[in-house]
Amino acid sequence: MRGKMTAITHHIPDALLAAYAAGSLPQPYALVVASHISLCLDCRATFDAHQAAGGAVLDTAERAHLSNGVKARVLEQLDAPVAPEPVFQRSGVFPGPVMEVLKGKPPRWRTVGGGVRQSILSATGEGSVRLLFIPPGQAVPDHSHNGLELTLVLQGSFSDETGRFGVGDMEVADEHLEHTPVADVGAPCICLAATDAPLRFRTLVPRLLQPLFRI
Amino acid sequence: MTKPSRQISPQTLQMLAVRDARDRAAFSRLFDYFAPRLKGFIMRSGTGSGQAEEIVQDVMLTVWRKASMFDPQRANVSAWIYQIARNRQIDVIRKENRPLPEALGAPPADEPDASQILAVEQEAGQLKDALARLKPDQREIIEKAYLGELTHQEISTQTGLPLGTIKSRIRLGLERLRHELKDAR
Ligand SMILES: [Zn+2]
């Protein structure tokens with residue numbers, strides 16, 4: 001249904017997938033995980049398996065008494081008209097969950113230097129998630145992050161000290177990984193990247209300018 | 001070695017009657033089974049009784065309205081309702097929309113594969129048995145994890161339930177669905 005799929009070799013670690021299924025993953029990471037599942041049948045099966053485990057917990061939950069009228073209120077609403085919810089389809093390389101955040105519109109890119117562009121999808125105290133556009137052969141500016149960083153490739157590929165990442169692959173980097181991802185030759189690399197802290201680009205933009213660019 | 005063969009559960013049959021025939025009596029029985037469990041489940045995370053009941057109402061209405069998305073070849077009813085409940089809890093309590101994967105599309109209603117449905121149910125039943133056999137402290141950790149009370153760092157340190165077999169089984173259902181959707185195009 002996806003058309004041609006390249007083989008995905010870097011998947012979601014199980015603890016992240018469990019946290020996502022349970023709804024405890026912060027929003028920026030959850031967006032990357034939901035996007036990977038949209039591309040990966042294998043992780044979708046694991047996600048469904050975690051739902052089955054959640055279902056077992058629900059099934060064995062202690063039953064609580066319901067107030068009078070709760071059931072009647074539900075039954076009388078069964079025929080109430082409901083406004084259809086918008087469904088955001090994938091568009092080009094952008095999976096449905098990304099299109100939902102973009103509200104169906106194309107991303108608005110901002111240049112951050114060296115031909116690299118970004119489009120911030122959300123940035124809160126919980127972290128940030130953005131799209132990155134990296135020209136072939138170009139390094140993602142050397143950066144470090146305070147905590148976990150998830151990067152999902154949507155187009156092209158990149159390589160760093162830990163390996164090569166193609167479409168659908170997700171790199172998991174913690175604060176100990178000093179890495180320099182370089183976009184491979186070919187199509188420009190487009191990634192979806194989430195961190196729990198604002199990224200600190202080391203070489204490209206002076207620290208002072210960071211608030212201006214929100215990077 | 002033969003296991004005592006299990007039947008498709010009443011909840012699955014009721015859910016299929018809701019999905020395929022909009023059967024209100026079946027929905028009423030599903031409500032009686034799930035609503036008290038949902039309320040207990042939701043209140044365990046510290047939500048008050050009144051708000052928990054509002055969430056239960058929303059969840060059960062979603063079960064009715066989105067019934068066409070229920071696919072017993074991939075999920076048993078409890079698993080499906082669990083996910084609806086967690087989504088609703090996050091909407092209400094955290095005031096944010098949880099990003100969700102692209103939907104695969106409604107399962108074709110014709111020719112359901114009864115053996116696949118039964119296998120998914122059996123695996124889910126074994127998961128429930130495994131949960132019941134855990135030591136109380138281990139079991140509490142699993143419950144906390146699926147109530148959304150543990151971070152992914154906390155989850156990574158605990159010993160999980162055996163999910164391998166149900167995962168393989170679900171994967172078969174997913175592949176079948178993908179195949180059918182491709183053929184339908
Ligand atoms: Zn995967």
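Chain letters run A, B, ... following the sequence lines, proteins first, then strands; residues in each count from 1. This structure is a prediction, so every number in the text was calculated from the model and none was measured.
Neither the backbone nor the side chain of B:R169 comes within contact range of chain A, judged by heavy atoms closer than 4.5 Å. Looking at B:R37, both its backbone and its side chain come within 4.5 Å of chain A, counting heavy atoms on both sides. For a residue to count as touching a neighbouring chain, one of its non-hydrogen atoms must lie under 4.5 Å from one of that chain's; by this rule B:S168 does not touch chain A. The parts of B:A35 that come within reach of chain A are both its backbone and its side chain, each placing non-hydrogen atoms under 4.5 angstrom from that chain. Of the two parts of A:V82, only the side chain, counted from C-beta on, holds a non-hydrogen atom closer than 4.5 Å to a non-hydrogen atom of chain B. Heavy-atom distances place no part of B:K144 under 4.5 Å from chain A, backbone and side chain included. For chain B, the nearby parts of A:T60 are the backbone and the side chain; heavy atoms of each come within less than 4.5 Å.
Most heavy-atom pairs under 4.5 Å with chain B, from the set A:I37, A:D48, A:L31: that is A:D48. For the set A:A53, A:P13, A:A18, the count of heavy-atom pairs under 4.5 angstrom toward chain B peaks at A:A53. Heavy-atom pairs under 4.5 Å with chain B peak, among A:G96, A:G23, A:A19, at A:G23. Residue with the most contacts toward chain B among A:T46, A:D14, A:L75, A:V32: A:T46 (heavy-atom pairs, distance under 4.5 Å). Counting heavy-atom pairs closer than 4.5 Å to chain B, the top residue among A:S35, A:A64, A:A15 is A:A64. The candidate from B:L100, B:L172, B:V120 with the greatest count of non-hydrogen atom pairs under 4.5 Å with chain A is B:L100. Of the residues considered (A:H36, A:M99, A:E62, A:E100), A:E62 shows the highest number of contacts with chain B, using heavy-atom pairs under 4.5 Å.
Under a 4.0 Å N-O distance rule, the pair A:E85/B:R65 does not qualify as a salt bridge. Between A:D79 and B:R24, at least one side-chain N (NZ, or NE/NH1/NH2) sits under 4.0 Å from a carboxylate O, which counts as a salt bridge. By the 4.0 Å N-to-carboxylate-O rule, B:K167 lies close enough to A:D42 to be salt-bridged with it.
Across all non-hydrogen atoms, the minimal contact from A:A49 to B:I166 is CB-CG2, 3.8 Å. Summarising the geometry of B:P101 relative to A:P97, their closest heavy-atom pair is CA-CG, 4.2 Å, with the distance given to 0.1 Å. Here the shortest heavy-atom pairing between A:R44 and B:E102 reads NH2-O, 2.9 Å. Between A:H65 and B:E53, the shortest heavy-atom contact is O-OE2, 4.0 Å.
Expressed to the nearest 0.5 Å, how far CZ of A:R73 lies from CG of B:L61 amounts to 11.0 Å. For the atom pair A:L17 CG and B:L163 CG, the distance stands at 10.0 Å (nearest 0.5 Å).
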- Item | Chi angles and distances behind the side-chain contact (heavy atoms from CB on, under 4.5 Å) call for A:R63, B:Y33 | CA-CA 9 Å; A:R63 281 171 280 175; B:Y33 181 87; over 6 Å; no

- Take A:H50 and B:Y146 through the test side chain to side chain donor-acceptor pair (under 3.5 Å) and record every step on the way to the result. CA-CA 8 Å; A:H50 282 296; B:Y146 289 104; 2.7 Å; yes

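Geometrically, B:R98 engages A:Y20 in a cation-pi contact defined by less than 6.0 Å to the ring centre and at most 45° from the axis.
Looking at B:H152 and A:L148, their side chains come closer than 4.5 Å, going by heavy atoms from C-beta outward. Taking 4.5 Å as the limit, some side-chain heavy atom of A:L58 sits within range of a side-chain heavy atom of B:I81. Residues A:D59 and B:Y82 are not in side-chain contact: their nearest non-hydrogen atoms beyond the backbone lie 4.5 Å or more apart. Using a 4.5 Å heavy-atom threshold, the side chains of A:L66 and B:P36 count as touching.
B:R171 CZ: more than 12 foreign heavy atoms inside a 6.0 Å radius.
Judged purely by atom type and a 3.5 angstrom limit, A:S24 uses its side chain to pair as donor or acceptor with the backbone of B:L150. The closest donor-acceptor contact from the side chain of A:K71 to the backbone of B:D32 lies at 3.5 Å or more, if one exists at all.
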